[in-house]
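Heads up, the thing below is written out as structure tokens.
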Amino acid sequence: MSIVTAKEIMLEAAEGKYAVGAFNITNLIQMEAVVEAAVEKKAPLIIQTSVTPSKFLGLEILVSIYRILAESAPIPICLHLDHSTSVEYCKQCADAGYTNIMIDASKQAYEENISQTKEVVEYCHGIGGISVEGELGTVSGVEDQVKVAEDEAALCNPEQAVEFVERTSVDIFAPAIGTAHGVYKTKNPKVDFERLGKINQMLNGNGIKTPLVVHGGTGLSKEYAIKLVEMGGAKFNVSTELKRTMIDATYDYISENREQYNPGKIDVVVKDAIRQVVARWIDILGSAGKA
Ligand code: 13P
């Protein structure tokens with residue numbers, strides 16, 4: 001149906017009290033799997049790449065395939081650059097055709113975070129058709145080149161969040177609330193739901209303007225995810241689970257079919273496994289049937 005920004009589908013999600021699933025992919029089979037699942041579920045979709053896979057695949061190829069898939073799918077699809085710590089690379093991806101850009105200057109001092117985020121916002125808004133995600137506070141764990149130790153992670157201050165959003169004019173906002181990238185060590189990680197609710201109230205209490213993003217989806221229970229959506233999460237990121245699914249499905253297939261040399265069969269198995277993971281998240285996030 002369409003190539004869209006993250007902001008436009010997230011505004012609808014926030015109004016409708018569901019979240020758009022945002023799934024990190026590292027290759028084209030995963031991209032197709034994610035799109036197929038969302039089409040089956042009639043759900044709006046955000047495809048994400050972090051910096052390393054986007055460089056490996058090449059921006060031109062990546063964006064071309066995204067455009068072909070998005071233009072022919074009967075759902076709105078956004079292509080999001082995840083956690084770029086480089087303003088220059090954000091601009092390059094905006095020029096190439098990404099429709100949402102995340103500048104992650106959350107490890108910088110507050111004023112520097114504002115200045116870098118603002119620069120990316122002004123650039124993307126100048127081009128048009130691109131929304132921008134900024135982050136305040138730090139999400140622990142590892143996502144591509146961004147590594148934050150547990151004891152370094154800082155939760156987002158709600159008053160600062162309002163000032164950050166006002167001063168940067170960022171379109172969508174990721175407050176650190178205790179969720180983490182990678183695999184959680186416990187079944188019930190300490191997530192500050194109330195903080196998310198408070199930030200949402202302060203930013204969007206008088207009408208939704210800046211929808212909120214939840215990072216670190218892998219390993220969160222269905223109950224946690226539902227509560228995060230209730231508290232205002234309108235984009236829900238899942239990365240590690242897809243990577244693990246791909247590797248496990250490949251390993252299982254090869255272990256059982258050691259004498260076969262047909263890579264196409266591995267692709268079919270991997271695609272199907274990823275499709276199932278994405279479909280499950282879409283059901284949990286409540287976005288099925290919303291496209
Ligand atoms: P996980 O790898 O924990 O799913 O986190 C995904 C994420 O937040 C990407 O930005």
Side-chain angles (χ1 to χ4, degrees), residues 6 10 19-27 30-31 33-34 37 45-54 78-86 89-90 93 98 100-107 117 120 131-150 153-156 170 172-192 196 211-222 224-225 228-229 232-248 273-274 276-282 284-285:
M10 285 172 68
V20 180
F23 303 98
N24 288 62
I25 57 112
T26 58
N27 69 22
Q30 293 170 42
M31 179 151 32
V34 165
L45 172 68
I46 298 171
I47 301 170
Q48 317 200 127
T49 72
S50 49
V51 171
T52 306
S54 71
C78 160
L79 179 63
H80 162 92
L81 175 69
D82 208 27
H83 291 286
S84 170
T85 52
S86 154
Y89 196 64
C90 286
C93 290
Y98 274 73
N100 196 76
I101 300 285
M102 176 182 190
I103 170 70
D104 181 354
S106 62
K107 273 186 133 182
T117 305
V120 174
S131 51
V132 177
E133 174 177 338
E135 177 173 313
L136 193 59
T138 41
V139 174
S140 74
V142 180
E143 176 56 44
D144 198 20
Q145 355 106 300
V146 181
K147 298 184 184 70
V148 179
E150 222 170 301
L155 299 189
C156 175
V170 82
I172 65 176
F173 177 62
I177 49 160
T179 57
H181 293 131
V183 179
Y184 292 96
K185 291 190 192 104
T186 131
K187 261 192 152 182
N188 299 305
K190 207 163 159 241
V191 173
D192 197 337
L196 182 65
L212 301 181
V213 181
V214 174
H215 283 255
T218 298
L220 292 179
S221 66
K222 182 177 171 183
Y224 268 51
L228 287 163
V229 175
K235 170 176 183 272
F236 188 90
N237 292 0
V238 183
S239 174
T240 305
E241 187 176 352
L242 265 64
K243 292 179 186 140
R244 290 190 151 220
T245 299
M246 177 184 172
I247 290 170
D248 288 347
I274 290 181
Q276 287 181 40
V277 167
V278 171
R280 176 180 164 273
W281 274 116
I282 287 174
I284 292 174
L285 301 174

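What you see is a predicted model; the values in this text were computed from it and never measured. Numbers for residues simply follow the sequence, beginning at 1. Counting convention: from 1, in listed order, for ligands and their atoms alike. Quick note: numbers below take in every heavy atom, side chains included, and nothing from hydrogens, waters or symmetry partners.
Between His83 and His181, the ring-plane angle classifies as perpendicular under the 30° and 60° cut-offs.
Side-chain contact check for Thr186 and Asn188: no donor-acceptor pair (N or O, by modelled atom type) lies under 3.5 Å.
The side chain to side chain donor-acceptor pair (under 3.5 Å) search around Ser86 returns none, not counting sequence neighbours. For Thr245, the side chain to side chain contact (heavy atoms under 4.5 Å, CB included) criterion is met by Glu241, Ala273, Ile274, Val277, not counting sequence neighbours. Listed by chain and number, the residues in a salt bridge (Lys or Arg N to Asp or Glu O under 4.0 Å) with Asp192 are Arg195 (sequence neighbours excluded).
For Tyr224 (side chain) and Val191 (main-chain N/O), no donor-acceptor pair under 3.5 Å exists by modelled atom type.
Annotation: ligand 1 has protein neighbours Asn24, Asp82, His83, Glu143, Ala180, His181, Gly182, His215, Gly216, Gly217, Thr218, Asn237, Val238, Ser239, Thr240, each with a heavy atom less than 4.0 angstrom from the ligand.
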